[in-house]
Amino acid sequence: MTDHNSPASTALSHWLHASQARLPALFRELQQQLRENAAGFGTNTAPQRQLDPLPMLIAAEDWQLLEAGMLQRQRLLQLVLNDVYGAQQIVRDHLLPAEALFRAADYLLPAAGLLTQPADWLPLLSLDLAKDARGQWCVLADHALVPAGLGHLVEHRLAFNHAAPLQGLTLGKAQIAGFYRQLLQLLQQPVLGEADHAALVGLWITSVRNTNYFEQAYLANYLDIALVHGADLTFRDGALWLKTLTGLQSVGALLRFLPDPQSDPLELEPGTGGCAGLLQSIRQQQLCCVNPPGSSLIDSGVLAPFLPRLCQALLGEPLILPQAVALWLGEAEHCAKVIAGLCAYRVQRISSQQHYLPARLDAAALQQLSAQIAADPVDHIAVVLAELPHESCWQPDTGSFAAACTLRLFSLLAEGQPGTVLPGGYARLSTDGLSLQIPPHGSEIAQSGAQLVKDVWVLADRGVTASLLQSSSGALELSRHSGLVTSRVADHLFWLGRYNERLNQICRALRAALGLASQHHADPLAAQADMTPLLRFCLQANGHAGVLDLPQVLQQLFDPAHPGGLFAILQSLLLNAQSAREFFAADTWLVLDKLQQALRQWPQQSTVQVAAGQYLRQLDEIILLQTALYGLNNETMSRTQALRLMDLGQHIERGMQTAALLQIVFVPAHGEAKPSAALMEAVLRLADTVNTYRRRYRSQLHPLAVIDLLVFDDSTPRSVGYQCLRIQRQCAGLPLLTPTPGLSAVQRLALELVTLLQLTEPQSLFDSEQGATPALGLLLSQIQHRLKLLSDSITLAYFNHAPRSWLG
């Protein structure tokens with residue numbers, strides 16, 4: 001697609017190939033940029049996407065044709081959607097067969113009459129295009145449900161702009177930031193036109209486990225809008241609301257990445273997430289949805305065979321960008337033609353969204369598909385497979401090679417606006433040209449490995465704005481507003497703090513147990529007696545139990561498949577970090593990546609004695625990385641409610657686990673011996689308080705002194721008392737959702753914890769023989785119980801927004 005004979009292409013080629021080191025350096029730098037943006041982070045395989053160092057170039061005159069053709073197609077599709085969900089005149093006029101339209105799985109009856117203005121049906125359009133054998137652009141697929149690329153485009157362009165090997169290259173290319181500014185204005189326009197200026201704009205995603213989550217989070221962060229999914233939204237009092245830490249806030253517009261049927265479980269598919277009441281909000285014109293449910297009819301491909309004649313009938317002109325030849329098999333002549341040469345087409349079933357590549361089917365499957373078409377031809381569409389053009393690419397392992405290429409473009413066309421096409425694109429590449437012609441949704445033919453993509457440069461000196469941030473000479477009102485924190489994100493941050501601390505506590509206890517094993521290597525019975533409480537804690541800390549034998553505990557904790565092991569905790573930690581991606585700096589992701597690698601490098605030997613030093617070094621590294629993670633977040637995150645919730649999770653978990661550990665060690669079960677001096681010293685080392693203890697008590701190890709230091713001393717960072725005081729301070733800073741006299745339920749529980757410790761007499765916890773009294777076990781149990789109640793109360797109040805009657 002790139003005109004390799006153009007002056008710009010020649011200049012770029014000479015620039016990149018002038019030095020043998022330039023292309024490898026550029027490739028490494030571009031991939032590092034994607035890695036720092038957390039593209040594909042958390043997977044144990046190769047990244048999902050690799051950015052080719054050779055951009056695709058489109059000449060200005062070629063781009064003018066693409067712009068005109070895309071905006072014409074968007075106007076046409078807007079009229080078609082408005083008609084099929086309204087008067088259905090094109091069906092009456094036999095321009096679109098009813099047998100095809102009403103079979104389409106993406107045709108949603110509840111969307112009939114949803115909107116009255118054609119432009120509201122399709123403000124944002126995406127097309128997949130390629131050049132045919134004659135060198136002319138043709139459309140392969142239309143997308144109303146936004147496909148991958150809109151966020152990647154920003155990543156790619158910024159990566160190229162900051163790439164050192166390209167510094168000094170003067171090549172006039174159109175900037176893309178203006179398009180995103182217009183998209184943001186489109187989303188904000190209905191909000192600004194209302195009396196309620198507090199209405200929010202959100203980017204609506206499927207879930208944080210979606211493979212496109214990182215791109216969508218990146219895009220939301222770039223546009224500075226809320227990243228939401230169905231659990232964040234609620235329909236109350238006839239309007240759509242977003243659950244936030246400060247209560248419910250009205251939503252004015254949504255950029256929707258959620259499939260149509262999953263958008264509203266009340267009127268569409270039940271039990272699929274989404275938000276009940278969404279369609280009603282759109283009907284009442286209380287919400288701008290880009291694009292609304294029902295618009296994905298164009299993604300189904302059912303309109304493709306009829307678009308040329310629809311364009312002539314509705315716009316009075318031919319399509320500027322021709323459609324890839326598509327045939328509806330409800331016409332007998334088309335059906336016979338396709339069955340006779342089936343391998344030259346890709347086939348899709350209208351009613352089920354199934355796609356088939358006959359060229360890849362064996363004889364039996366091919367015969368079965370032919371019989372299926374013959375039995376119900378009106379339920380099938382066939383699209384002629386295109387001979388895709390090839391682009392020059394470069395990879396470090398193969399060098400230069402050619403790959404098939406398709407171009408993905410995006411356009412905006414709103415009511416009363418001239419329309420705009422994003423001056424650049426997202427080019428997908430593959431050595432298998434067939435895989436690029438399968439629509440991204442409903443495909444049964446998946447592409448394996450990392451997808452190779454190109455940034456697309458339009459060679460035109462326009463759109464000089466390179467950022468959404470603009471210089472301004474007007475008056476400015478200073479702000480300390482920290483931005484929106486949704487309840488879902490706050491929940492993830494809270495549990496990120498908890499899982500990080502849980503992993504830390506288990507690793508510290510395991511390190512202490514290994515130290516005891518090394519210390520008592522000549523007396524296995526003494527070692528086992530001292531290690532047993534620590535091993536029991538390691539297993540119970542994540543809600544599991546097992547045989548209290550050190551090799552077996554090590555095997556269980558470091559088994560990637562064990563639900564109670566360290567890998568399970570780490571995966572929970574990573575999931576929660578990924579779900580709040582926009583709150584963390586790039587260094588945080590590097591530490592998380594190293595933490596994951598450190599766990600995977602755990603030695604597999606079954607004998608503890610031989611590899612004790614190696615085990616200890618590995619645990620030291622894990623604990624150091626966790627400490628770095630905690631420190632980085634505290635250094636880089638603003639002191640907002642987001643950090644407060646993560647801090648609360650961290651200290652609630654530390655308080656609970658410390659109390660549980662002390663209960664296991666100092667309140668032995670019936671028949672068990674009191675803790676030895678070696679075990680008490682190991683507990684002090686676990687809590688990093690050995691030096692503090694020695695400064696106070698010299699070398700005398702006394703259980704009462706240990707309990708006083710680790711439970712009541714609120715100046716010791718790892719004591720229960722310190723956790724309770726910090727929790728109380730953080731709870732005092734949580735937003736008050738409803739103005740009520742006195743303390744909230746959360747604040748009362750925090751105060752009870754502090755008061756419980758202040759009213760306890762430490763001397764009453766041990767008898768004259770330094771054995772624990774029942775009061776110690778009761779106190780530690782009450783601490784754990786109240787901390788659990790506090791965690792539940794925070795969840796009900798700030799994450800679930802439960803009715804006040806539930807909260808006491």
Side-chain angles (χ1 to χ4, degrees), residues 242-249 480-498 500-502 580 583 630 633-634 637-660 711-760 778-808:
L242 181 66
K243 303 172 188 174
T244 75
L245 279 182
T246 53
L248 300 178
Q249 297 193 34
R480 294 290 190 273
H481 181 57
S482 59
L484 183 74
V485 182
T486 66
S487 296
R488 176 186 54 83
V489 168
D491 193 3
H492 286 301
L493 289 168
F494 179 77
W495 279 98
L496 171 63
R498 290 200 60 174
N500 186 44
E501 183 61 28
R502 187 174 302 178
F583 285 86
Y630 183 75
N633 290 335
N634 276 274
M637 291 178 67
S638 300
R639 265 48 187 172
T640 63
Q641 298 293 358
L643 182 61
R644 175 170 285 114
L645 265 298
M646 188 168 64
D647 194 73
L648 272 169
Q650 183 105 15
H651 292 285
I652 287 174
E653 186 73 21
R654 183 176 294 177
M656 290 176 65
Q657 298 295 357
T658 301
V711 175
F712 298 99
D713 185 1
D714 55 25
S715 66
T716 299
R718 288 194 168 271
S719 75
V720 175
Y722 180 90
Q723 314 315 313
C724 293
L725 271 182
R726 182 147 182 166
I727 289 167
Q728 185 187 30
R729 288 197 299 269
Q730 294 289 37
C731 288
L734 289 172
L736 292 175
L737 301 182
T738 54
T740 55
L743 301 177
S744 68
V746 170
Q747 292 169 340
R748 286 199 303 272
L749 282 168
L751 178 60
E752 284 179 17
L753 279 165
V754 174
T755 305
L756 176 65
L757 292 175
Q758 290 175 342
L759 295 179
T760 299
L778 179 61
L779 173 66
L780 295 173
S781 296
Q782 287 179 326
I783 290 171
Q784 295 173 71
H785 178 65
R786 280 178 167 77
L787 284 169
K788 185 180 183 303
L789 287 178
L790 177 61
S791 177
D792 293 343
S793 184
I794 290 172
T795 297
L796 289 172
Y798 294 100
F799 308 152
N800 295 346
H801 291 270
R804 181 165 176 77
S805 58
W806 290 18
L807 306 178

Nearest-0.5 Å distance, CZ of residue Arg498 to CD of residue Gln657:
8.0 Å
May I have the step-by-step check of side chain to side chain contact (heavy atoms under 4.5 Å, CB included) for Gln641 and Leu734, ending in yes or no?
CA-CA 7 Å; Gln641 298 293 358; Leu734 289 172; 3.8 Å; yes
If I take atom CD from residue Gln784 and atom CG from residue Leu779, how far apart are they, to the nearest 0.5 angstrom?
10.0 Å
List in chain and number order the residues that pass salt bridge (Lys or Arg N to Asp or Glu O under 4.0 Å) with Arg644, two or more places apart in sequence or in another chain; answer none if no residue qualifies.
none
Measuring only between side-chain heavy atoms, which start at C-beta, is Leu496 closer than 4.5 Å to Phe583?
no
Is any side-chain heavy atom of Val720 less than 4.5 Å from a side-chain heavy atom of Leu780?
no
Distance-only donor-acceptor check, side chains Ser793 and Arg748, under 3.5 Å
no
Can you measure from CD1 (Ile794) to CD1 (Ile727) and round to the nearest 0.5 angstrom?
8.0 Å
Kindly compute the distance separating CG (Leu778) from CD (Gln782), expressed to the nearest 0.5 Å.
4.0 Å
Can you name the closest pair of heavy atoms from Arg502 and Trp495 and give their distance?
NH2-CZ3, 4.0 Å
If you take all heavy atoms of Ile783 and Ala659, which pair is closest and at what distance?
CG2-CB, 4.1 Å
CG of Asp647 to CD1 of Ile652, rounded to nearest 0.5 Å, is 10.0 Å
Steps toward side chain to side chain contact (heavy atoms under 4.5 Å, CB included) verdict (Asp714, Cys724):
CA-CA 8 Å; Asp714 55 25; Cys724 293; over 6 Å; no
Taking atom NE2 of His651 and atom CD of Glu501, what is their separation to the nearest 0.5 Å?
8.0 Å
For Thr658 and Gln723, run side chain to side chain contact (heavy atoms under 4.5 Å, CB included): C-alpha distance rounded to whole Å, both residues' side-chain angles, the deciding distance at 0.1 Å, then the answer.
CA-CA 10 Å; Thr658 301; Gln723 314 315 313; 5.7 Å; no
Extract all donor-acceptor atom pairs below 3.5 Å that involve side chains of residues 750-759 and protein atoms in other chains or at least two apart in sequence.
residue : atom : partner : partner atom : Å
Glu752  : OE1  : Arg786  : NE           : 3.3
Thr755  : OG1  : Leu751  : O            : 2.8

Side chain to side chain contact (heavy atoms under 4.5 Å, CB included) assessment of Tyr722 paired with Asp713
CA-CA 7 Å; Tyr722 180 90; Asp713 185 1; over 6 Å; no
Centroid separation under 6.0 Å, is that true for the rings of Phe494 and Tyr798?
no
